[in-house]
**Student:** 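After the structure tokens below, expect a handful of questions from me.
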Amino acid sequence: MSRKSLDLLNEGIRRQKAGFRAHAASLYTQVPQDDPYHADALNLLGTVLFEEGRMQDAARLIGQAVRNSPGNAAAWANLGGVARHITRPDAALACYRRAVLLAPNRADGLAGLTGLSGGRHRRTTLRRRLALWPLDVDAHIEFGNELAADGANDRAALAFRRVQLLAPASPAGAYNHGNALRDTGEIDGADLCYRRALSIAPGSADILNNRGLLFFSGGSWPAAEACFRQALAHAPDHAAANGNLARTLQKREQPDAAVQAYRRGLLSDPASVPACCEIAGLMEAESWARRALTINPFAAEPYSRLALLATRDPARTDVLWRLRQGACIRPETADVWYNIGVERGRSGDAAAAVRYCRRATQIDDGHALAHLNTALALLVQERFAEGWEEHRRRLDSPEAAPFLRRFAIPEWTGQDLAGARLLVWGEQGIGDEIQFLTLAPALLRRGAALTVLTEPRLRPILRRSFPGIAVPEVACPTGGWEDHHGCDLQHQLALFCGGEVRPEPWIVPDPERAKVLRAGLQARHRGKRLVGITWRSIAPKTGARRSIPIDLWRAVAAMPEVALVSLQYGAAPEDYAAFAAQTGQPIDHAHGIEPLVDLDGLAALVAAVDLVVAPANNTVHFAGALAKPCWTLLPTRPDWRWGLTRDDSLWYPQTRVFRQQRDGDWEPVMVRVAAALGEWVEGQSARAPSSSQT
């Protein structure tokens, strides 16, 4: 009967593989109980029931098979699969181990152990599988994913290359290879892999979603949106693609469409805390954040979202309380401590900001924004040695990516510069570059030859001010390797204020242009002191805090000995008309300089006036770097360069600071400015005639 039973089993296996499970089951049941192959028949019949979803019946039959034939390795492996499926991992692990002991060279037992093992044991098991079956595509994929999870992306990419060689028609190899290359920063290679995977499986929502993430991380919002929409066209219930589409729509400033995408994602993943929190933010609705808390009261994100919504209250009474709730719930989460640090810094407690942001970096040393805020809080306390070291980490943040330049030369770390050429480049904006270039003379005195990369509007000024410095024409950063212009070392502008080196004014304006501008101003305002002013900022985040209502300039404009000269960038005729109407005095803008586009003209114009009075913006940096007397008007919580309480500037010796005492209250500041201006005019008149230039 054994030969007939074996034929029945083989035919049953053939039918089962073809999808005819009922016919296969009828063949398996024909094997007699006293036949040597009966245990195999029970095992195979159990696999049929497993495929039909009848887990308990499958466990009963396969369990009977291993009792009848304890040496049946295949049955033990199948029993492990059933136990794993019904979430009995300990029982599954025991079954797989028995299968491996009985048949060390069988793939199913080792594969089961791999799925249940973790850490070093899982890695060892995977290596054993690959040693026994080097053509096992699934093992290569699992091994590559294990390497990627550990951050060994280069080795993971190599594993996925092997998958593509072994199974060129498998989209999994190209897809996972793309993921590994993306994580190593090889964007072009990752995109090539994703496109290869899509040529094999054009309807794969997972591949389309990850390709969209590639575009998203590069800031290509339209391309990212197109990929996410394609993914959803193939799989409308793909929660990740809905969420990523929503994030992209937020970047494209389409909040209503983003809310709809998040809602669609919740239909397939109703327990998504991030989606609920994002909807809460977009709709400014606490109810959605509370819904997220209902889903997971131990998540930190809903508390952070409630804290953000609490900032709508000018008193901000609940903000810190909500953030502290999140810290109590998830103390191991770096973001919650970082947010507390930011809030404490906002309230003016720089020491607390350092403490909490450092807690965040202790948890996650890769938290670039926490490092940056730690640095800023240290710098505002004038703890420069610590602050500059932390400040180096700013380049790790996503915000720095568009400005980051890459050169195949080492960074200068303070070694002797005699005879070396140093490549200096900026990445923080016009004002910061002007400020940090006050340290360039110190670099030159160390014997360095300098090459400075800066934006086109500053290049004429640099070439005139530092004739021995090379200022090449360069394009914007591309993210790739760039020409280092024959330099030996590189530096992101010399950040060592507070040490032995003192900043020095450095801008040399166009002398003829400054002379003509001053002559024109003096001709229009004979006998008056020329005071250049700005009154507003258009910076997206902080501009409102650094803008002073025009009517508060009335007392300054009314001084008969003073003529106000506009240094305001982006001003239109209606702005000048409004200034005249609200102060009762016109402001001189006949010089024709538009500081927004003509920085060389701005330098000449600042040189032509006697005094600059302005809120903190690029104008005060020009005045400082020109050694022009300047009064800087600061809101509460100004940035680090102005310190906490000082009324002067470490960077600019001719600068005086007027500080706001209460948020948004500029009136007391302008009263003090008007009084100081009266004293300044008297002092100037006592020292020199009005035609002199200070």
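In what follows, every heavy atom counts, from backbone to side chain, and hydrogens, waters and symmetry copies are set aside.
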**Student:** Just wondering, do W412 and L417 contact through their side chains at under 4.5 Å, heavy atoms?
**Tutor:**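 Yes - at least one pair of side-chain heavy atoms lies under 4.5 Å apart.
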**Student:** To the nearest 0.5 Å, what is the distance between CZ (R529) and CG (L611)?
**Tutor:**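 Output value for this atom pair is 11.0 Å.
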**Student:** Is there a salt bridge (charged side-chain N to carboxylate O under 4.0 Å, His left out) between D610 and K528? Walk through the geometry before answering.
**Tutor:** CA-CA 10 Å; D610 299 309; K528 294 188 176 185; over 6 Å; no
**Student:** Start with the C-alpha distance between T636 and R545, add both sets of side-chain angles, then the distance that settles side chain to side chain donor-acceptor pair (under 3.5 Å), and finish with yes or no.
**Tutor:** CA-CA 9 Å; T636 58; R545 298 187 67 244; 3.1 Å; yes
**Student:** If you draw a 6.0 Å radius around CZ in R662, do more than 12 non-hydrogen atoms from other residues or ligands fall strictly inside?
**Tutor:**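 It does not: R662 CZ has 12 such atoms or fewer within range.
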**Student:** CD of E253: more than 12 outside heavy atoms within 6.0 angstrom?
**Tutor:**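 Atom CD in E253 is not packed in, count stays at 12 or less.
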**Student:** From the options R457, R464, R463, R459, select the one residue that forms a salt bridge (charged side-chain N to carboxylate O under 4.0 Å, His left out) with D600.
**Tutor:**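 Result: among R457, R464, R463, R459, R464 is the only option passing the salt bridge (charged side-chain N to carboxylate O under 4.0 Å, His left out) with D600.
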**Student:** For D349, what residues pass the salt bridge (charged side-chain N to carboxylate O under 4.0 Å, His left out) criterion, not counting sequence neighbours?
**Tutor:**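 In terms of salt bridge (charged side-chain N to carboxylate O under 4.0 Å, His left out), with neighbours along the sequence ignored, D349 is linked to R344.
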**Student:** Is the gap between the ring centers of F216 and W221 under 6.0 Å?
**Tutor:**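 Yes, they do, as the ring centres are separated by less than 6.0 Å.
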**Student:** If we only count heavy atoms from C-beta on, is the R646 to R659 side-chain gap below 4.5 Å?
**Tutor:**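 Yes. Closest side-chain heavy atoms under 4.5 Å.
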**Student:** In terms of ring plane angle, is the pair W535 and Y576 parallel, tilted or perpendicular, where the classes change at 30° and 60°?
**Tutor:**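 Perpendicular: the ring planes of W535 and Y576 meet at over 60°.
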**Student:** For T413 and Q415, which I'm curious about, is there any donor-acceptor pair between the side chains at under 3.5 Å?
**Tutor:**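 Q415 and T413 do have a side-chain donor-acceptor pair below 3.5 Å.
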**Student:** Can you tell me if E433 and T454 form a side-chain donor-acceptor pair at under 3.5 Å?
**Tutor:**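 Yes.
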**Student:** Just wondering, more than 12 heavy atoms not from E667 lying within 6.0 Å of its CD?
**Tutor:**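 12 or below, so no.
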**Student:** Cut-off 3.5 Å, side chains only: do N617 and T534 have a donor facing an acceptor?
**Tutor:**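 Short answer, yes.
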**Student:** Atom CG of residue position D188 - does it have more than 12 heavy atoms of other residues, nucleotides or ligands inside 6.0 Å?
**Tutor:**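 Atom CG in D188 is not crowded, with 12 or fewer foreign heavy atoms closer than 6.0 Å.
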**Student:** Let me see the working for W640 and W388 under ring pair (Phe, Tyr, Trp, His ring centres under 6.0 Å), right down to the final yes or no.
**Tutor:** CA-CA 12 Å; W640 62 270; W388 290 136; 5.4 Å; yes
